[in-house]
Amino acid sequence: MGSEPKLNLLLTKDEIAIAVTRLAAEISRDYRDKNPLLIAVLKGSFVFLSDLIRQLDFPLEIEFVHLSSYGKGTESSGRVRMAPGAPSQIKGRHVLVIEDIIDTGLTAAFLLDHLRRKKPASLKFCTLTDKKERRRAIVNIDYRGLTVPDKFIVGYGLDCDEMFRHLPDIYALEQ
Ligand code: IMP
Ligand code: MG
């Protein structure tokens, strides 16, 4: 192993909180009377989801899907794996996918294709962070929190090899 990775502060918890509050307002405006099904992508989105839903004061349901494309390290393998136990009652529901980050877009494209085949009444995509520069798949982002530079980021649920998810702020990893 090399030396300890260096973390450079990128987004403070206050900046994140402002973005989450704005997203909650946008989602509330669009879903108040729709009893939406929020599908959060594990593991990374669990911190964002828990802050977001506590600002949504209308009926909704929550499901989780466990996807992974990264093995170890910071480069996407390009192959997306879905763990068993994915939500099944999608038909006719207003589905909103909740992600921590969109990078190449391969994970989102895979999940949205999968869900679309189950005939939801509507299907939209919300991400806390968007690493725009690295997009390889075309994905329509309906709710975007913060744009981030082409750096590997950790904290607020985001990990590097399962480390740093618990940090309240978001950091760029210096490699
Ligand atoms: P994509 O398929 O390349 O868009 O990557 C999406 C998934 O990769 C995300 O849901 C994250 O789990 C992970 N990921 C992408 N970029 C980062 C990063 O900078 N930090 C931590 N995880 C990341
Ligand atoms: Mg993720």
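Ligands are counted one by one from 1 in listed order, and the atoms in each one are counted from 1 as well.
Of all the atoms in ligand 1, the ones that sit under 4.0 Å from a non-hydrogen atom of Glu99 are 10 (O). Every atom of ligand 1 with a heavy atom of Thr104 under 4.0 Å away is listed here by number and element: 1 (P), 2 (O), 3 (O), 4 (O). Of all atoms in ligand 1, numbered sequentially from 1 with element shown, those under 4.0 Å from a heavy atom of Lys131 are 16 (N), 17 (C), 18 (C), 19 (O).
Between Lys151 and Glu174 no salt bridge is recorded (no basic side-chain N to carboxylate O distance below 4.0 Å).
Using a 4.5 Å heavy-atom threshold, the side chains of Asp33 and Phe58 count as separate. No side-chain heavy atom of Leu96 sits less than 4.5 Å from a side-chain heavy atom of Leu60.
Comparing Val148, Ile170, Thr107 against atom 5 (O) of ligand 1, the shortest heavy-atom distance belongs to Thr107. For the residues Asp130, Leu173, Ile153, the heavy atom positioned nearest atom 19 (O) of ligand 1 is part of Ile153.
A donor-acceptor contact shorter than 3.5 Å links the side chain of Arg22 to the backbone of Arg144.
At a heavy-atom distance under 4.0 Å, only side-chain atoms of Leu158, from C-beta outward, approach ligand 1. Residue Arg136 does not touch ligand 1, judged by heavy-atom distances below 4.0 Å. Under 4.0 Å from ligand 1, the heavy atoms of Asp100 that appear belong solely to its side chain.
Closest heavy-atom contact between Val95 and Ile39: CG1-CD1, 3.8 Å.
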Give the intermediate values and the outcome of salt bridge (charged side-chain N to carboxylate O under 4.0 Å, His left out) for residues Arg135 and Asp130.
-> CA-CA 9 Å; Arg135 201 60 37 83; Asp130 181 6; 2.2 Å; yes

Pair Arg32-Asp57, salt bridge (charged side-chain N to carboxylate O under 4.0 Å, His left out): steps then yes or no = CA-CA 8 Å; Arg32 178 162 299 283; Asp57 60 345; 3.2 Å; yes

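Contact annotation: Lys151 has at least one heavy atom less than 4.0 Å from an atom of ligand 1. For the pair Gly105 and ligand 1, a heavy-atom separation below 4.0 Å is found. In this structure, Asp159 counts as a contact residue of ligand 1, since one of its heavy atoms falls inside 4.0 Å of the ligand.
Side chains of Tyr156 and Asp51: a donor on one and an acceptor on the other come within 3.5 Å.
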